[in-house]
Amino acid sequence: MQRDELLALLTPEAMTLLDDAPAVESSADALALVTKLRAAGGSPAVVAAVVTQSKLRRRAVAKFGPFAERMLFTDAGLQQATRLQVAAHHANRFRQAGAVSVADLGCGIGADAMAFASLGLEVTAYDLDEVTAAIAAHNLAPFPNAQVKHGRAEEVDLGSFNALWFDPARRTTSGGSTARHFDPADWSPALDFVFTAGRERPTGIKLGPGIDHAYLPDDAETQWVSSGGDLVEATVWMHGAARAGIRRSALVIGRHGTAELTTVEEAQDADLGALGAVLYEPDPAIIRARLIGDLARSLGASMISESIAWMTSDTFTPTPFASAFSVREVLPLHASSLKGELRRRGIGVLEIKKRGVDIDPAEFRRKLALKGDESAVLILTRVGDRRVAVLADRLS
């Protein structure tokens, strides 16, 4: 969002129109809203701003639920914003650490700052981008214990706070194009600056879940978080926000609530074993935290291949840390033969999963030309050194 777009949006006229605007779920809805607003005398700039925000609010419901109805967004800010459930977890970690005042450095549209403020913490949020800071100020307006400032993290007096939250920017935008930075020294603020600050007071650092383990400090706890099956972040907790005796953890948030697996060090893989009656697909947080071996041993399971994260067992043990599948039979991994096998079984509804094989599931599905009313799961993978297609049913 550009500054002139923000100015068009932050007017009484635009805000009134936005609050009264219906949800925009399709191109037809957007066109209808444009027509309605222009007929009501809205200027082109105001109409464009209102329609854009209506679209973003609709998308934001998945992350923020009913809170999205009064918030403002930028497209990039919404993509990068922390989900409400995960932000609540961040806030609770700070409360458990005894935090009173938190500096949110790189606040974006203010998702985490909102969660901190809702638990009664005094929050000062900073963002380097002026437009983003203004959006955050609107979103934090209901909280008297929160304020937003336009500024650079490296220039903030961190000694004024007893807890810090960092979300280093890994992308820069210039001339309408966005560049992604892979070197942590190019992030804003740089990762070395963040880790140095984190050693002085309770600190949380939101990083991408694919962060190279080599960058993670030995004197911190790193927690990989999945929400609704999506791996969303790796959070480094330092100083008083880190828990004693834990260096790696996987937090899984889903319909079951929350569940966590922790360890002092990365887990050794479990032994290889023959394919049993049950296949387990670990949650992505378990995989990225490198806790597959610990999970396998807790389930009495073995690995199906040295380089594949899936596990197998003869018995089904429910777990929030993995999806489970009951094995019907093992078939050759050839589309032509599978096509006939599936048709003989009347399978026309098929969930296709793959692991460790170079196959495009969409293209593979086209080759199968499915017909029938029965349903199943087809797992394309390797067991040992063999490429196989496992016909299965979902257990969880």
**Message:** Do S226 and D283 pair up side chain to side chain, a donor and an acceptor below 3.5 Å, judged on atom types alone?
**Reply:** yes

dist L119:CG -> L121:CG (nearest 0.5 Å) comes out at 6.0 Å

| said: With a 3.5 Å distance limit and no angle check, can you tell me whether D127 reaches the backbone of G108 through a side-chain donor-acceptor pair? | reply: yes

Item to complete: Would you mind checking if D294 and R297 are paired as a salt bridge, meaning a charged N to carboxylate O distance below 4.0 Å?
Response: yes

**Prompt:** Do R382 and R355 have side-chain heavy atoms sitting under 4.5 Å apart?
**Reply:** no

Problem - Heavy-atom check, side chain of L331 versus side chain of V388, under 4.5 Å - result: no

Exercise. Check the side chains of E13 and T11 for a donor-acceptor pair under 3.5 angstrom, ignoring hydrogens and angles.
Key: no

Quiz item: Under 3.5 Å, is there a donor-acceptor pair between the side chain of D269 and the main chain of G293?
Solution: no

Y280 versus S323: any side-chain heavy-atom pair under 4.5 Å?
-> no

Ring pair (Phe, Tyr, Trp, His ring centres under 6.0 Å) filter on F94, not counting sequence neighbours, yields F116, W237

- Is the distance between the ring centroids of F166 and W187 under 6.0 Å? no

Does D4 CG have over 12 foreign heavy atoms under 6.0 Å away?
yes

Query raised in the report: Where the side chain of R83 meets the backbone of S227, is there a donor-acceptor pair that is under 3.5 Å apart?
Result: yes

Side-chain donor-acceptor contacts of residues 341-349 below 3.5 Å, not counting sequence neighbours, with atom names and distances?
unit_1: E341; atom_1: OE1; unit_2: R345; atom_2: NH1; d: 2.6
unit_1: E341; atom_1: OE1; unit_2: R345; atom_2: NH2; d: 3.2
unit_1: E341; atom_1: OE2; unit_2: R344; atom_2: NH2; d: 3.2
unit_1: R343; atom_1: NE; unit_2: A369; atom_2: O; d: 3.4
unit_1: R343; atom_1: NH2; unit_2: A369; atom_2: O; d: 3.0
unit_1: R345; atom_1: NE; unit_2: E329; atom_2: OE2; d: 2.8
unit_1: R345; atom_1: NH1; unit_2: E341; atom_2: O; d: 2.7
unit_1: R345; atom_1: NH2; unit_2: E329; atom_2: OE1; d: 3.0
unit_1: R345; atom_1: NH2; unit_2: E329; atom_2: OE2; d: 3.0

Does E221 pair with R93 as a salt bridge, N-O distance under 4.0 Å? yes

Interatomic distance, CG@L140 vs CE@M71, rounded to 0.5 Å, equals 8.5 Å

Exercise for the section: Would you check if there is a donor-acceptor pair between the side chains of Q223 and E260 at a distance under 3.5 Å? Expected result: yes

Tracing side-chain contacts under 4.5 Å among Ile, Leu, Val, Met, Phe, Trp and Tyr outward from I253 reaches V86, V225, V232, L251

One should read off an interatomic distance between Q80 CD and T74 OG1, to the nearest 0.5 angstrom, of 7.5 Å

Check: D157/S160 side-chain N/O donor and acceptor closer than 3.5 Å: yes

Q) Can you check side-chain hydrogen bond (donor to acceptor under 3.5 Å, both in side chains) on T82 and K206, steps first, answer last? A) CA-CA 9 Å; T82 305; K206 178 183 173 182; 2.8 Å; yes

Do NZ/NE/NH1/NH2 and the carboxylate oxygens of D19 and R57 come within less than 4.0 Å? yes

Between A146 and A117, the two heavy atoms sitting closest are CB-CB, 4.1 Å

Residue pairs meeting salt bridge (charged side-chain N to carboxylate O under 4.0 Å, His left out), one or both in residues 247-258, sequence neighbours left out, come to D218-R247

Under 3.5 Å, is there a donor-acceptor pair between the side chain of H150 and the main chain of Y126?
no

- request: Look at the side chain of R170 and the backbone N and O of P168, then say whether any donor-acceptor pair between them is shorter than 3.5 Å.
  value: yes

Scanning both residues in full, the closest heavy-atom pair of L295 with M311 reads CD2-CE, 3.7 Å

Separation between CG (L370) and CG (L378), nearest 0.5 Å, reads 9.0 Å

Query - Hydrophobic cluster membership, M114 vs L56, 4.5 Å side-chain cutoff - result: yes

Given side chains that start at C-beta, do those of I379 and W310 come closer than 4.5 Å, heavy atoms only? yes

Side-chain donor or acceptor of Y215 paired with backbone N/O of D183 under 3.5 Å:
no

Sorted by chain and number, sequence neighbours left out, salt bridge (charged side-chain N to carboxylate O under 4.0 Å, His left out) with R201 holds for none

query: Any side-chain donor paired with an acceptor under 3.5 Å for S302 and D271?
result: no

Take atom CZ in F67; do more than 12 heavy atoms of anything else shown fall under 6.0 Å from it?
no

Tightest non-hydrogen contact, residues I205 and W165, listed as N-CZ3, 4.0 Å

Point to revise | Audit row: R365, L350, side chain to side chain contact (heavy atoms under 4.5 Å, CB included) steps and yes/no | key: CA-CA 8 Å; R365 180 187 297 277; L350 191 66; 4.1 Å; yes

Taking every heavy atom of C107 against every heavy atom of A136, the minimum-distance pair comes out as SG-CB, 4.0 Å

With a 3.5 Å cut-off and sequence neighbours excluded, list the donor-acceptor pairs that the side chains of residues 29-39 form with protein atoms.
unit_1: D29; atom_1: OD2; unit_2: E25; atom_2: N; d: 3.1
unit_1: D29; atom_1: OD2; unit_2: S26; atom_2: N; d: 3.4
unit_1: D29; atom_1: OD2; unit_2: S26; atom_2: OG; d: 3.4
unit_1: T35; atom_1: OG1; unit_2: L31; atom_2: O; d: 2.9
unit_1: R38; atom_1: NE; unit_2: G42; atom_2: O; d: 3.3

ask   = Between the main-chain N or O of I308 and the side-chain N or O of S305, is there a donor-acceptor pair closer than 3.5 Å?
value = no

Margin query: Donor-acceptor check, side chain of N162 to backbone of S101, threshold 3.5 angstrom: yes or no?
Written below: yes

Are any of the side-chain heavy atoms of V131 and M1 separated by less than 4.5 Å? yes

Of all heavy-atom pairs linking L18 and V50, the shortest is CD1-O, 3.8 Å

Next on the checklist: Check for me, please, whether F64 and V24 land in the same ILVMFWY cluster - side-chain distances under 4.5 Å, paths through other members count.
Outcome noted: yes

Residues I109 and T132: closest non-hydrogen pair is N-CG2, 4.1 Å

- Decide whether K354 and T381 meet the rule of one side-chain donor and one side-chain acceptor closer than 3.5 Å. no

Check your understanding: Is S396 reaching over with its side chain to a backbone N or O of A324, donor-acceptor style, under 3.5 angstrom?
Key -> yes

Could you check whether any side-chain N or O of R288 sits under 3.5 Å from a backbone N or O of P209, counting only pairs where one atom can act as donor and the other as acceptor? yes

Original post:
Quick one: does T263's side chain get under 4.5 Å of I246's, heavy atoms only?
Top reply: no

Practice prompt. Walk me through it: do L279 and V327 pass the test side chain to side chain contact (heavy atoms under 4.5 Å, CB included)?
Written response: CA-CA 7 Å; L279 269 172; V327 176; 4.2 Å; yes

I want to check something: taking the side chain as every heavy atom from C-beta on, are W224 and E233 in contact at a cut-off of under 4.5 Å?
no

When rounded to the nearest 0.5 Å, the distance separating OG of S337 from NZ of K339 is 11.5 Å

*Near E154 CD, under 6.0 Å, is it more than 12 heavy atoms from other residues, nucleotides or ligands?*
yes

For a 4.5 angstrom cut-off between non-hydrogen side-chain atoms, does L164 reach L158? yes

Value for NE2 (H89) from OG1 (T235), rounded to nearest 0.5 Å, stands at 6.0 Å

Between R59 and D75, is there a side-chain N and carboxylate O pair less than 4.0 Å apart?
-> yes

